[in-house]
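Have a look at the structure below, then the notes.
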There are 4 protein chains.
Amino acid sequence: MPKIINNLRSKISGAAYQLFSEKGYSAVSMKIVAEETGIAVGTLYNYYANKEELFIKVIEEKIKNYKKIFDKYLQKEELDLEMFITHLYDEINKSKGVIDEVIKKNINSKEEKIVTRLRSDLLEIVDQILIQFKEKKGLEKEAKAERKRSVYALLMMILILDRRFPGEREKNISYLLKMANLI
Amino acid sequence: MPKIINNLRSKISGAAYQLFSEKGYSAVSMKIVAEETGIAVGTLYNYYANKEELFIKVIEEKIKNYKKIFDKYLQKEELDLEMFITHLYDEINKSKGVIDEVIKKNINSKEEKIVTRLRSDLLEIVDQILIQFKEKKGLEKEAKAERKRSVYALLMMILILDRRFPGEREKNISYLLKMANLI
Amino acid sequence: MPKIINNLRSKISGAAYQLFSEKGYSAVSMKIVAEETGIAVGTLYNYYANKEELFIKVIEEKIKNYKKIFDKYLQKEELDLEMFITHLYDEINKSKGVIDEVIKKNINSKEEKIVTRLRSDLLEIVDQILIQFKEKKGLEKEAKAERKRSVYALLMMILILDRRFPGEREKNISYLLKMANLI
Amino acid sequence: MPKIINNLRSKISGAAYQLFSEKGYSAVSMKIVAEETGIAVGTLYNYYANKEELFIKVIEEKIKNYKKIFDKYLQKEELDLEMFITHLYDEINKSKGVIDEVIKKNINSKEEKIVTRLRSDLLEIVDQILIQFKEKKGLEKEAKAERKRSVYALLMMILILDRRFPGEREKNISYLLKMANLI
DNA sequence: AATGAATGAGGCTTCATTCAT
DNA sequence: AATGAATGAAGCCTCATTCAT
């Protein structure tokens with residue numbers, strides 16, 4: 001007895017994202033994704049060709065979401081760095097586990113390319129925001145390549161600190177601010 | 001047809017370490033560890049009771065090794081921070097990816113405890129070295145808890161930068177030095 | 001390429017029962033159960049959580065079946081002992097070897113409990129029937145505990161004689177009748 | 001470093017017998033037999049070609065042993081049936097688990113033959129003793145074929161009763177006496 | 001379009017057996 | 001003659017994927 005479900009694609013994506021975030025790629029089964037979504041396993045395959053694609057698409061969506069969220073900082077006259085870092089911290093930590101996979105090497109070459117592109121997208125967003133901040137403050141900017149490294153470090157550190165010191169959000173953010181100022 | 005093999009334990013450990021580093025715990029099969037070591041699957045189980053123990057022991061060995069290497073810095077009169085960070089960078093990057101797993105949460109509680117202890121050991125070493133450096137320079141020190149975070153961040157960043165920007169050792173180290181000075 | 005199969009649970013149960021009967025628990029592999037049923041190994045696990053459960057359920061079903069078959073003797077006015085023993089002999093020997101395992105000790109405690117209960121059920125049925133027979137004949141009855149031993153001996157002997165002297169049904173039954181009269 | 005051990009063959013046999021008796025064929029590993037004997041696994045194979053042969057030889061020895069033990073009853077002027085049954089009961093129950101395997105069907109045809117012969121040997125011994133008893137008492141004897149069945153039943157019942165009602169040795173023996181008198 | 005039973009490759013682990021020492 | 005490390009087939013079980021309904 002088929003269930004009529006609207007926006008099934010986004011429901012699957014949501015459930016999958018939650019699960020991948022908590023457990024990582026290997027530890028999530030298609031069965032549990034289906035259960036969490038409230039559909040049958042077979043139905044998943046009407047929306048995503050296979051587990052790998054599901055995973056990629058979930059990340060893709062997340063990154064797009066980041067873009068949307070953070071683009072508004074580019075429009076602002078004044079940038080409050082602390083507010084921005086705090087926002088970044090909170091958003092990224094909703095997606096913890098997904099990113100674990102993104103920083104891993106063992107994805108096969110096909111998905112590697114996609115993941116790499118997605119990662120660049122995210123970095124680009126943050127870089128632009130920080131650059132704009134420096135410009136407005138009249139501060140000296142590092143060279144593009146150096147900034148890339150710094151921004152990447154900043155994002156990774158958000159993940160790492162929250163994971164290791166999960167109860168210390170404020171202190172983590174305070175450390176991240178110092179890192180941001182290195183850029 | 002059995003063949004006697006020398007230093008098999010360390011050969012297994014080496015292969016396993018490489019594989020866990022590249023692919024993470026779940027994506028490494030006992031079969032591939034055996035193949036990479038050049039032995040039969042069953043032989044693995046003469047040395048390690050199961051996959052979990054293999055993983056734990058591999059990390060344990062790595063950390064012990066770090067201790068041995070870095071303890072000598074504690075004896076020195078003068079500490080060259082750059083030299084130390086460079087050394088740290090190179091040593092840790094021989095061990096890259098094992099630590100992926102160490103930063104994960106979803107290891108079961110038994111191994112979690114061991115991993116946590118091992119991590120503390122390593123952090124303690126580096127913390128002591130950096131503290132001693134500040135003392136000799138007469139610089140102000142952060143509180144213990146803050147230092148812990150900073151040192152942890154430093155170590156993680158070594159891994160992360162080398163993985164992401166593998167050809168840029170000098171620039172990575174230069175960034176890490178800036179991070180070390182935040183401590 | 002999946003194919004839908006009817007009554008699969010009972011097909012598996014039948015095949016498993018045959019195999020456990022002939023070879024005993026350890027000597028039966030899930031692979032051979034699957035082959036004999038004409039399905040894939042994985043399919044077994046859609047019906048039974050694991051090998052142990054499969055075994056228990058197979059016995060459970062068999063005993064339930066006995067109950068159904070022999071309960072009718074309790075309703076009868078007149079009991080022909082020979083007819084009853086003959087019927088018992090034939091029914092039990094459709095199920096021969098599963099009971100091998102039931103008489104073993106080294107089943108783990110969890111299944112032991114279930115097996116013990118099932119055994120009691122069957123013994124109780126036969127005991128009641130024999131008691132009723134004696135009552136109607138006005139014969140002296142043994143004490144409950146002694147009867148329990150005798151009935152158990154009778155049932156086991158059915159299995160054993162048929163296995164050892166399979167072509168001598170009538171003579172086996174004749175011997176069993178003598179045993180029944182000891183009760 | 002080789003150990004010089006006398007009567008190693010009989011030591012192995014003893015250990016194996018104990019283990020097979022307690023756990024049955026499948027549940028005993030060659031490693032544990034070696035450990036229990038206090039030798040290396042490889043050494044086992046200097047004495048027995050494989051696990052199957054070890055098992056067969058252990059039974060063979062046991063049966064020979066029974067022969068030796070019970071032959072003395074054939075020499076006696078007077079046979080105390082109760083004493084004989086009691087002795088039989090106690091001896092057989094030292095070997096419980098080994099006999100489990102003997103009554104199983106799933107041994108392959110090669111060993112089946114040997115096991116069958118060994119079983120006949122044991123039955124023959126007991127049969128002769130019981131016959132002699134009847135002769136001395138001037139009692140009527142059953143035909144050879146019927147006696148064979150009865151003796152077999154008697155032996156099996158020893159195993160079964162002790163297993164099912166282990167704390168009730170005297171009552172078990174008392175029931176067995178009744179069975180012996182059916183012969 | 002949804003379902004979920006069936007599939008079977010592949011993962012972890014055990015253990016009888018071999019053979020260099 | 002004894003040793004025990006090495007071997008690899010085989011066992012139990014999981015899970016991504018397929019397809020008849």
Side-chain angles (χ1 to χ4, degrees), chain A residues 1-5 8 26-35 37-54, chain B residues 1-6 8-9 12 26-34 37-54, chain C residues 1-6 8-9 12 26-34 37-54, chain D residues 1-5 8 26-35 37-54:
Chain A
M1 292 134 227
K3 305 183 195 173
I4 304 306
I5 297 166
L8 199 40
S26 311
V28 171
S29 69
M30 293 301 262
K31 188 162 175 266
I32 208 175
V33 174
E35 275 167 12
T37 313
I39 60 173
V41 188
T43 309
L44 281 181
Y45 288 83
N46 292 338
Y47 292 84
Y48 299 92
N50 50 45
K51 190 180 173 185
E52 207 175 291
E53 185 189 305
L54 171 60
Chain B
M1 293 133 219
K3 55 183 170 184
I4 281 0
I5 298 160
N6 290 328
L8 196 42
R9 196 180 172 88
I12 294 171
S26 315
V28 171
S29 69
M30 293 302 263
K31 186 161 175 271
I32 207 175
V33 174
T37 313
I39 60 174
V41 188
T43 306
L44 286 179
Y45 290 83
N46 292 339
Y47 293 84
Y48 300 91
N50 50 46
K51 190 181 172 183
E52 203 177 295
E53 187 189 303
L54 171 60
Chain C
M1 293 132 220
K3 54 183 172 186
I4 281 0
I5 298 161
N6 288 328
L8 197 40
R9 196 181 171 89
I12 294 171
S26 316
V28 172
S29 69
M30 294 302 264
K31 186 161 174 272
I32 206 173
V33 174
T37 313
I39 59 172
V41 187
T43 307
L44 285 179
Y45 290 83
N46 291 339
Y47 293 85
Y48 300 92
N50 51 44
K51 190 182 172 183
E52 203 177 296
E53 187 188 304
L54 171 60
Chain D
M1 291 131 225
K3 304 182 196 173
I4 303 306
I5 296 167
L8 197 40
S26 311
V28 171
S29 68
M30 293 302 263
K31 187 161 175 265
I32 207 175
V33 173
E35 274 168 12
T37 313
I39 59 173
V41 188
T43 309
L44 281 181
Y45 287 84
N46 292 339
Y47 292 85
Y48 299 92
N50 50 43
K51 189 182 172 183
E52 206 176 291
E53 187 189 304
L54 171 60

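In what follows, chains carry the letters A, B, and so on, assigned in the order in which the sequence lines appear, proteins first and then strands, with residues in each chain numbered from 1.
In plain terms, the two heavy atoms of Val28(D) and Lys51(D) that are nearest each other are O-NZ, 2.8 Å. Contact record, Arg9(C) with Tyr47(C): NH1-O, 2.9 Å, taken as the closest heavy-atom pair. Residues Lys31(B) and Val41(B) come closest through the heavy atom pair CA-CG2, 4.3 Å. A pairwise comparison of heavy atoms in Glu53(D) and Tyr48(D) identifies OE2-CA, 3.8 Å as the closest pair.
No engagement by Val33(C) is indicated, since no non-hydrogen atom pair under 4.0 Å with the nucleic acid exists. Leu44(C) comes within 4.0 angstrom of no nucleic acid atom, judged by non-hydrogen atoms across all strands.
In this structure, CD1 of Ile12(B) is placed 12 Å from P of dA5(F), rounded to the nearest angstrom. One interatomic measurement links the two molecules: CD of Glu35(D) to C1' of dC15(E), which rounds to 13 Å at whole-angstrom precision.
For Lys31(B) and dG11(E), the shortest distance from a side-chain N or O to OP1 or OP2 is not below 4.0 Å. In this model, the phosphate group of dA5(E) is not approached by any side-chain N or O of Thr43(C) to a distance below 4.0 Å at OP1 or OP2. When the side-chain nitrogen and oxygen atoms of Tyr47(D) are compared with OP1 and OP2 of dA2(F), one or more of them lie within a distance under 4.0 Å.
Nearer the 5' end of DNA chain E, as judged by each residue's closest nucleotide, is the contact made by Gly42(C), out of Gly42(B) and Gly42(C). Taking for each of Lys51(A) and Ser29(C) the nucleotide of DNA chain F with the nearest heavy atom, the 5'-most of the two is the partner of Ser29(C). Annotation: of the two residues near DNA chain F, Val41(B) and Val41(D), the 5′-most nearest-nucleotide partner is Val41(D). Of the residues near DNA chain E, Leu8(C) and Tyr45(D), the one whose nearest nucleotide (by heavy atom distance) lies more toward the 5' end is Leu8(C).
Of the candidates dT7(F), dT3(F), dC12(E), the closest approach to any side-chain atom of Asn46(D) belongs to dT3(F).
Across all strands shown, dA1(F) forms no Watson-Crick or G-U wobble pair with both distances under 3.5 Å. In this structure dA16(F) sits in a base pair with dT7(E), meeting the Watson-Crick or G-U test at under 3.5 Å.
A distance of 4.0 Å separates CD1 in Ile39(B) from CD1 in Ile12(B), rounded to the nearest 0.5 Å.
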